[in-house]
> 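So that we are looking at the same thing, I have put the structure below in structure tokens.
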Amino acid sequence: MAKTGARALLPTLAITLGEPAGIGPEVVAAALRSPRLPKGFRYEVLGSAEGVAPGRPTARSAGIALKALEAAAAGWKAGRYAAVVTGPVQKETLIRASKGLSFPYPGQTEFFAARCGVPEDDVVMAMASPRLVVALLSTHLSLRRALGKITREKILRVVVETAAFLQAKGVRAPRIALAGVNPHAGENGLFGDEEGRILVPALAAAREAFPGLALTGPHSPDTVFWRARNGEFDAVVCAYHDQGLIPFKLLAFHDGVNVSLGLPLIRTSPDHGTALDLAGKGKADPRSMIAAIVLAARLVKSRQASNRR
């Protein structure tokens, strides 16, 4: 049936269920009942849990998750969706079910980078909550490979994308801290040379390119997150995945949001996995999914306001 009236003009957020054997269907259903969801949007769910046994992912359930992702990407390209909120997927099952052909990616971030035609290294994985924001120089890589990804160019890109994200959230003058790579940020080369060889020159280049940006570091990783939590910084740029995710999940386990920066597409996701052991038991906490939808809507409004200027 064709949509008529003002509701047809509202921006639509696509919400994928993720792996239907996981908690995605439960947290999406609970989120859609929440009074916290912003008014002025339509919400369209992609995917179905019909005929799927909770807690038991299969090739069929992985296919449902992949089809929803493809529909979300295609719908955004066609102008149907203003943003996409993705439920958690079982990456191993997705890759195995597609034999690596249709999903040869380490995660959904990389999937959307490919569908948007953006080089994987240009996309920034960030995590946001009211208590802490972190942005990562690399995502799903071994620590050895992640350290090789720390370059001046990557730091500049992550800093720029993080600043733009904070401004879209309403932070007028973002204060960004760069965490060191080594213990105590290397202590002047005593514990490693990455700080002096890469991070310090990158910070100097960033300050020269963006003179109004409050960018400091490299800071000792064992204290910088405490300082950010206590209001000294608006975000921390982290050297690798677990450096940022460990403190973030400690502080925002139930309401953290994963947001992909550097894409033309607005994409957010709850900061949790499929939790197969909880699926179908009515115990899944929807707060992270609610926060992901709220943040996506906020970013859509910010982009609309920017386009009107």
Side-chain angles (χ1 to χ4, degrees), residues 1-4 7-22 24-25 27-29 31-32 37 40-52 57-91 93-125 139-140 257-270 274 289 292-293 295-304 307:
M1 181 180 296
K3 300 176 181 68
T4 58
R7 183 168 174 76
L9 302 177
L10 297 178
T12 300
L13 271 60
I15 305 172
T16 68
L17 290 185
E19 167 56 63
V27 296
V28 168
L32 292 176
L37 259 61
F41 291 87
R42 293 181 61 252
Y43 302 101
E44 184 173 327
V45 177
L46 303 176
S48 170
E50 185 177 353
V52 176
T58 63
R60 177 176 173 271
S61 67
I64 293 171
L66 180 57
K67 186 177 179 180
L69 286 174
E70 295 287 11
W76 171 78
K77 286 182 178 179
R80 179 181 178 86
Y81 305 131
V84 175
V85 181
T86 57
V89 297
Q90 197 77 3
K91 299 181 185 72
T93 310
L94 262 180
I95 294 170
R96 191 188 310 126
S98 69
K99 296 182 173 58
L101 298 177
S102 52
F103 199 87
Y105 312 106
Q108 297 186 90
T109 301
E110 295 83 1
F111 168 87
F112 281 105
R115 293 301 180 270
C116 291
V118 175
E120 188 176 307
D121 283 348
D122 288 357
V123 182
V124 178
M125 180 177 174
T139 54
H140 304 105
V257 178
N258 179 339
V259 55
S260 299
L261 309 181
L263 295 176
L265 161 72
I266 294 171
R267 179 254 170 172
T268 65
S269 179
T274 54
M289 176 58 78
I293 296 171
L295 178 58
R298 184 172 187 177
L299 295 177
V300 169
K301 287 184 176 180
S302 176
R303 181 170 292 184
Q304 290 175 331
N307 290 340

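Residue indices begin at 1 and follow the sequence shown.
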> Among all residues two or more places apart in sequence or in another chain, which pass the side chain to side chain contact (heavy atoms under 4.5 Å, CB included) test with Ala31?
Met289, Ile290, Ile293
> With the side chain counted from C-beta on, respond yes when Lys91 and Phe111 share a heavy-atom pair under 4.5 Å apart, and no when they do not.
no
> Sequence neighbours excluded, which residues qualify as side-chain hydrogen bond (donor to acceptor under 3.5 Å, both in side chains) partners of Ser61?
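Residues passing side-chain hydrogen bond (donor to acceptor under 3.5 Å, both in side chains) with Ser61: Glu19.
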> Kindly give the heavy-atom pair with the smallest separation between Phe41 and Ala297, and that separation in Å.
CZ-O, 3.5 Å
> Quick one, Lys77 and Leu265 - any side-chain contact, counting heavy atoms below 4.5 Å?
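They are not in contact (no side-chain heavy atoms under 4.5 Å apart), so the answer is no.
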> Please report the shortest heavy-atom distance between Gly87 and Gln108, naming the atom on each side.
O-NE2, 3.2 Å
> Test side-chain contact (heavy atoms from CB on, under 4.5 Å) on Asn258 and Arg267 and set out the steps.
CA-CA 8 Å; Asn258 179 339; Arg267 179 254 170 172; 4.2 Å; yes
> With sequence neighbours left out, write down each residue that passes side chain to side chain contact (heavy atoms under 4.5 Å, CB included) with Pro264, or none if nothing qualifies.
Trp76, Cys116, Val118
> Identify the heavy atoms of Leu263 and Ala113 that sit nearest to each other, and give their distance.
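That closest heavy-atom pairing would be CD2-CA, 3.7 Å.
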> Counting N and O atoms only, with roles assigned by atom type, does the side chain of Thr268 sit under 3.5 Å from a partner on the main chain of Val259, one being a donor and the other an acceptor?
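Absent.
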> Tell me, please, which residues at least two apart from Thr12 pass side chain to side chain contact (heavy atoms under 4.5 Å, CB included).
Arg42, Glu44, Tyr81
> What closest approach, in Å, do Thr93 and Pro57 show between heavy atoms, and which atom pair accounts for it?
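Result for this residue pair: OG1-CB, 4.1 Å.
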> What's the spacing between Ile266 CD1 and Leu295 CG if we round to 0.5 Å?
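Nearest 0.5 Å value for the CD1-CG distance: 9.0 Å.
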> Between Leu94 and Ala62, what is the shortest heavy-atom contact and its length?
CD2-O, 3.3 Å
> Taking the side chain as every heavy atom from C-beta outward, state whether Ser269 and Pro88 have any atom pair closer than 4.5 Å.
no
> Calculate, to the nearest 0.5 Å, the distance between atoms CG and CG belonging to Leu17 and Leu69 respectively.
10.5 Å
> Mind checking what makes side-chain hydrogen bond (donor to acceptor under 3.5 Å, both in side chains) contact with Thr274, not counting sequence neighbours?
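Gln90.
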> Is there a donor-acceptor pair closer than 3.5 Å between any side-chain N or O of Glu70 and the backbone N or O of Lys67?
no
> Would a 4.5 Å heavy-atom cut-off, applied to side chains only, mark Leu13 and Tyr43 as touching?
yes
> Report the residues that fulfil side chain to side chain contact (heavy atoms under 4.5 Å, CB included) with Ile64, sequence neighbours left out, ordered by chain and then residue number.
Pro20, Val52, Arg60
> Show your working on side-chain contact (heavy atoms from CB on, under 4.5 Å) between Val123 and Thr139 and close with a plain yes or no.
CA-CA 10 Å; Val123 182; Thr139 54; over 6 Å; no
> Identify the heavy atoms of Ala82 and Val300 that sit nearest to each other, and give their distance.
O-CG2, 3.8 Å
